Number of protein chains: 2
Amino acid sequence: MSDNANSVNMTAPSRGYHHGDLRAALLDAGLDLLKSGSAETLSLREVARRVGVSPTAVYRHFPDKAALLKELCIRGALELAQAQAQAMKAAGGGRKGFVATGAAYIRYAVANPALFRIMMANMPPGGFFSSDFSDDQVGIKMLRDNIISLVPKEAGEKGVLFGMLMSWAQVHGLSMLMLDGQIPVSEETIKAFESSQMEFRFVPDQPSE
Amino acid sequence: MSDNANSVNMTAPSRGYHHGDLRAALLDAGLDLLKSGSAETLSLREVARRVGVSPTAVYRHFPDKAALLKELCIRGALELAQAQAQAMKAAGGGRKGFVATGAAYIRYAVANPALFRIMMANMPPGGFFSSDFSDDQVGIKMLRDNIISLVPKEAGEKGVLFGMLMSWAQVHGLSMLMLDGQIPVSEETIKAFESSQMEFRFVPDQPSE
DNA sequence: GCATTATGTTTACAGTGATAACATGTCCGA
DNA sequence: TCGGACATGTTATCACTGTAAACATAATGC
């Protein structure tokens with residue numbers, strides 16, 4: 001993640017070549033295409049075409065398609081984390097705020113289906129939990145902090161991890177089922193989720209009834 | 001697996017021009033490839049190749065690739081439902097059995113990653129909830145019955161639907177996160193889920209805490 | 001027996017990701 | 001200022017994909 005940001009950031013404008021800053025332009029075009037519905041069928045050539053450059057020019061900036069997608073999914077992760085943080089703040093923090101971050105997750109997914117898919121399929125090894133990146137860890141860090149503050153202390157680290165897992169899986173599952181058309185995409189459902197009470201009781205070894 | 005005695009020989013197709021039951025053979029080959037790891041990159045040509053037939057022969061039995069995939073995902077759905085039913089029985093029914101069907105869902109997903117993906121991405125419009133098919137509705141029906149028996153009666157139909165949604169999303173989310181490498185695929189995690197207590201209290205409008 | 005139909009093959013086309021060879025623009029040092 | 005060195009973009013090409021059209025062969029029905 002050396003340099004990216006928008007093309008505005010380039011501190012050395014003289015470095016502009018044929019295309020000013022093709023790398024950023026490609027990423028923008030890619031994001032655009034992903035947001036414009038164009039589902040999993042995003043192609044390198046399409047991106048290049050949109051920027052107005054030859055197909056193989058892409059390879060001067062990305063070793064392969066996966067590398068481009070990886071950068072895109074990092075951008076998406078950041079955007080998602082921002083949306084979640086905003087939802088948290090808007091809800092006034094606390095348990096309510098936490099649930100709001102979950103709803104924001106779902107809303108982001110259904111609002112950006114293609115990008116969300118790419119994000120999940122192309123996250124680097126270890127995924128969100130990895131510590132290779134710093135910036136896109138924001139979402140996970142937020143989740144962790146929330147769980148810590150909501151889970152009973154006796155649960156310990158294991159309980160925290162379990163809580164993170166289950167709550168993430170909950171919203172992720174809802175998101176994916178909606179994206180895949182298995183359940184209807186409805187704001188009503190999201191609201192129902194939001195207003196329902198989520199409990200994280202860590203009872204790993206209870207015979208349960 | 002109806003294989004006629006004459007093993008298809010491409011170089012001397014004096015006898016093997018007409019394959020006994022190509023449609024079934026194609027489906028079997030497709031399932032095989034999907035189970036053999038060959039991820040989302042399953043191609044029509046690969047399937048045809050494996051059966052020993054020309055690429056376009058497929059189009060005598062399926063209008064296009066999506067049609068083939070759709071059939072495969074129906075098969076997968078049946079298999080998954082069987083696994084769940086078996087888990088239910090093995091656990092002795094009840095709440096424990098219900099949770100066992102969830103664990104079976106996850107285990108099936110991680111055991112058949114490619115097929116599971118195809119299943120979710122290619123389910124017919126409306127998905128599992130649709131009533132177009134009868135057989136592959138088994139899984140959903142099982143889920144529904146379980147939820148009905150576990151959810152308080154005051155919850156009503158809405159509560160049942162909500163319970164189905166949330167519990168399905170829970171296991172589906174865990175499955176997908178594992179498949180996408182976002183969380184480690186570990187039997188330990190599945191067991192933790194299995195032994196944790198799942199509660200379905202319907203509190204859609206409670207101010208929470 | 002022969003025409004019809006079902007099934008499989010060959011050929012072909014547009015699209016994809018990717019590599020290699022080539023062309024051009026920009027920068028840096030003499 | 002000049003001239004290489006390097007960064008960037010292009011063209012040509014390959015192997016692969018899904019799919020359509022035309023053709024070939026086997027099974028079936030009159």
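Note that the coordinates shown come from a computational prediction; the quantities given were computed from them, not determined experimentally.
The nearest whole Å value for the distance from the CZ atom in B:Arg60 to the P atom in D:dT25 is 15 Å. For the pair B:Arg50 CZ and D:dT17 P, the computed distance is 14 Å after rounding to whole Å. The CG-P distance, from B:Leu44 to D:dG18, rounds to 5 Å in whole Å. Between A:Asn122 atom CG and C:dG17 atom P there is a gap of 13 Å when expressed in whole angstrom units. In this structure, CZ of A:Phe62 is placed 13 Å from P of C:dA18, rounded to the nearest angstrom. Here the P atom of nucleotide D:dG9 and the CG atom of A:Leu22 are 5 Å apart, to the nearest Å. The interatomic distance linking B:Arg23 (CZ) with C:dA6 (P) rounds to 15 Å, in whole Å. Atom CG in A:Asp64 sits about 20 Å away from atom P in D:dA15, given to the nearest Å.
Qualifying side-chain hydrogen bond (donor to acceptor under 3.5 Å, both in side chains) partners for B:Gln82, counting only residues two or more places apart in sequence or in other chains: none. For B:Phe116, the ring pair (Phe, Tyr, Trp, His ring centres under 6.0 Å) partners two or more places apart in sequence, or in a different chain, are B:Tyr105, B:His172. Listed by chain and residue number, B:Ile106, B:Val110, B:Ile183, B:Val185, B:Thr189, B:Ile190 satisfy the side chain to side chain contact (heavy atoms under 4.5 Å, CB included) test with B:Met178 (two or more places apart in sequence, or in another chain). Residues meeting the side-chain hydrogen bond (donor to acceptor under 3.5 Å, both in side chains) test with B:Arg23, sequence neighbours left out: B:Glu71. Not a single side-chain hydrogen bond (donor to acceptor under 3.5 Å, both in side chains) links B:Glu188 to another residue, sequence neighbours left out. Partners of A:Tyr59 according to the side-chain hydrogen bond (donor to acceptor under 3.5 Å, both in side chains) rule, which considers only residues two or more places apart in sequence or in another chain, do not exist here.
Listed nucleotides D:dA22, D:dG18, C:dT19 differ in distance to A:Tyr59; the shortest reach to its side chain belongs to C:dT19.
Side-chain contact between A:Phe98 and A:Ser149: absent, with no pair of heavy atoms (C-beta onward) separated by less than 4.5 Å.
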Protein-nucleic acid N or O pairs under 3.5 Å, nucleotides 10-15 of chain C:
residue: C:dT10; atom: O4; partner: B:Thr56; partner atom: OG1; Å: 2.6

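At least one side-chain nitrogen or oxygen of A:His61 sits closer than 4.0 Å to the OP1 or OP2 atom of D:dG9.
Within the structure, no pair that satisfies the salt bridge (charged side-chain N to carboxylate O under 4.0 Å, His left out) test touches residues 53-66 of chain B, not counting sequence neighbours.
Of the options B:Leu72, B:Leu42, B:Val58, B:Leu27, a side chain to side chain contact (heavy atoms under 4.5 Å, CB included) to B:Val47 is made by B:Leu42 and by none of the others.
Each of A:Pro63 and A:Thr41 has a nearest nucleotide on DNA chain C; the 5'-most of these lies closest to A:Thr41.
For the helix from C:dG1-D:dC30 to C:dA30-D:dT1, the end axes, each set by the C1' atoms of five terminal pairs, are bent relative to each other by 10° (nearest 10°).
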